[in-house]
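Just so you know, ligand 1 is whichever comes first in the structure, and atom 1 is the first atom listed for that ligand. Any value given below was found using the heavy atoms of this structure, including those in side chains, with hydrogens, waters and symmetry copies removed. We're numbering straight along the sequence, starting at 1.
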Amino acid sequence: MRIPKPFNPRLQGQIIKRFGVYEKVVPVKTTPSRIVPEHIEKPYYVTRREFTVPKMPEIKDVNQIRGMKRSCKLASNILGQVQKYVQPGVTTDDIDKLVHDLTIEAGAYPSPLHYQGFPKSVCTSVNNVAVHGIPDLRPLQDGDIVNVDITVFYKGFHGDCSKTFLIGSVDDRGLELVGVTEECLEIATRLCAPNVPFSEIGSQIYRHAKRCGLTVLPAFLGHGIGQYFHGPPDIYHIINDYPGSMKPGMTFTIEPVLSHGSENTVILEDGWTVVTDDGSRAAQAEHTVLITDNGAEILTK
Ligand code: MF3
Ligand code: CO
Ligand code: CO
């Protein structure tokens, strides 16, 4: 039987009505990895210099805190420029070029590039892609949601943040998903303070998502960050009994991923792209925070 093509071009891709109106994406062709000039300082996983990630959550001294503030400020600045740039017709590879060029112009290295083999300078995750989308030649379309996750290595420190952007007019389910994800991150950053258990972040995010009828994807954790990209503590976004509590001088990320449907995901053949197993959309938001003497500072604001 021949199924007639819908007239509305937005209805042509594969649409999951159960979870709203959007195109379920698959990775397409992309361009080669971008080149980093000689003079840019590279992280240890690129230079292969020896480096040991701390075994315990690190308490940073004033110099390390200064370094974290610089790199986080740069990451959030670049994310702000991406926000002004994204619109229908822009490809995620165009975003990769923008992020790459702005990072290098600032004298920094785009941390994702060649991290455990990742081929691009930023992660771009569209619609049903939960995390680690590889920028490619698919033009963003009206109705898409796209998470752009930027990490820079600047003067010896990594700064990490992400946001899910709305392309043109997104359906109500999509708006709700992105909005609640941002609320989860905000609730979590507000509770950060000395002596608060790390596990409190997950309980509160889980509670808020559940109250809103959304699912937290348990596989994705926040992490300690500094002269290393990922280190202790692990920050769970669901109910957990991870030990330990926050101390002044610690820096870590909070980065919940929420979906409308299943909590399960699948990694595609490229070894990176993680999609929801039921095709529902996922949204993520991420900040790097510093625990201070009387609360916390969002370094990527
Ligand atoms: N920025 C991601 C995070 O928030 C990590 C990306 S790893 C990469 O932890 F290799 F995919 F870039
Ligand atoms: Co990130
Ligand atoms: Co992160």
Side-chain angles (χ1 to χ4, degrees), residues 27 30 33-34 36 42-46 53 57 68 71-80 82 92-93 95-96 99-100 103 108-126 129-136 146-154 157-165 181-182 184-185 188-189 192 198 201-202 205 216-237 250-258 265 267-268 270-275 282-290 298-301:
T30 191
S33 303
R34 298 198 144 78
V36 177
K42 322 268 186 323
Y44 63 91
Y45 47 84
V46 176
V53 176
M68 284 306 294
S71 63
C72 288
K73 197 166 184 173
L74 177 60
S76 68
N77 243 308
I78 296 173
L79 192 60
V82 169
T92 49
D93 187 56
I95 298 173
D96 185 72
V99 170
H100 184 88
T103 304
Y109 180 93
S111 308
L113 185 62
H114 308 308
Y115 179 73
Q116 296 180 5
F118 191 79
K120 289 290 199 175
S121 303
V122 64
C123 297
T124 54
S125 304
V126 177
V129 178
V131 298
H132 301 164
I134 300 172
D136 66 20
V146 56
N147 176 274
V148 178
D149 189 342
I150 296 181
T151 315
V152 298
F153 179 69
Y154 186 41
F157 293 85
H158 295 270
D160 191 4
C161 55
S162 89
K163 189 169 173 179
T164 300
F165 298 113
T181 303
E182 284 175 356
C184 284
L185 177 56
T189 56
C192 289
F198 297 121
I201 292 175
I205 287 176
V216 179
L217 306 195
F220 308 108
L221 312 184
H223 50 90
I225 182 167
Q227 282 135 302
Y228 43 90
F229 194 168
H230 294 107
D234 291 337
I235 303 295
Y236 287 80
H237 303 112
M250 288 182 177
T251 57
F252 55 83
T253 73
I254 307 173
E255 46 185 301
V257 187
L258 271 65
T265 52
I267 303 179
L268 302 185
D270 58 30
W272 280 103
T273 311
V274 181
V275 297
Q284 184 177 27
E286 175 175 24
H287 275 310
T288 300
V289 300
L290 164 71
I298 300 176
L299 300 184
T300 45
K301 217 170 191 114

Polar side-chain atom of [X] near backbone of [Y] as donor-acceptor pair, under 3.5 Å:
X      : Y      : value
Thr181 : Ala285 : no
Thr300 : Ser76  : no
His237 : Phe220 : yes
Ser71  : His158 : yes

Under 4.0 Å from a heavy atom of [X]: give me the atoms of ligand 1 that qualify, with their elements.
X      : value
Glu255 : 3 (C), 4 (O), 9 (O)
Thr151 : 1 (N)
Phe229 : 1 (N), 5 (C)

(message) Holding to side-chain hydrogen bond (donor to acceptor under 3.5 Å, both in side chains), I want the full list of residues that pass it with Asp93, two or more places apart in sequence or in another chain.
(response)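 Per chain and number, Asp93 pairs via side-chain hydrogen bond (donor to acceptor under 3.5 Å, both in side chains) with Thr31, Arg34, Lys120.
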Which distance, rounded to the nearest 0.5 Å, do you find between the [atom1] of [X] and the [atom2] of [Y]?
X      : Y      : atom1 : atom2 : result
Asp160 : Ser111 : CG    : OG    : 7.5 Å
Tyr154 : Met68  : OH    : CE    : 14.0 Å
Thr288 : Phe157 : OG1   : CZ    : 13.0 Å
Cys123 : Ile95  : SG    : CD1   : 12.0 Å

Quick one: look at [X] and ligand 1, take heavy-atom pairs under 4.0 Å, and tell me if it's side chain, backbone, both or neither.
X      : result
His230 : side chain
Phe118 : side chain
Cys123 : side chain

(message) So for Glu286, does at least one of its heavy atoms come nearer than 4.0 angstrom to any atom of ligand 1?
(response)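 Right, Glu286 reaches ligand 1.
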For [atom], which protein heavy atom lies nearest, and how many Å away is it?
atom                    : value
atom 7 (S) of ligand 1  : Tyr115 CD2, 3.8 Å
atom 2 (C) of ligand 1  : Asp149 OD2, 3.3 Å
atom 12 (F) of ligand 1 : Pro112 CB, 3.0 Å

(request) With the Co ion (ligand 3) as the centre, enumerate protein N/O/S atoms below 2.8 Å in chain and residue order. (result) Asp160 OD2, His223 NE2, Glu255 OE2, Glu286 OE2
(request) Flag Asp160 as yes when one of its N or O atoms lies below 3.5 Å from any N or O atom of ligand 1, and as no otherwise. (result)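 So ligand 1 has an N or O lying under 3.5 Å from an N or O of Asp160.
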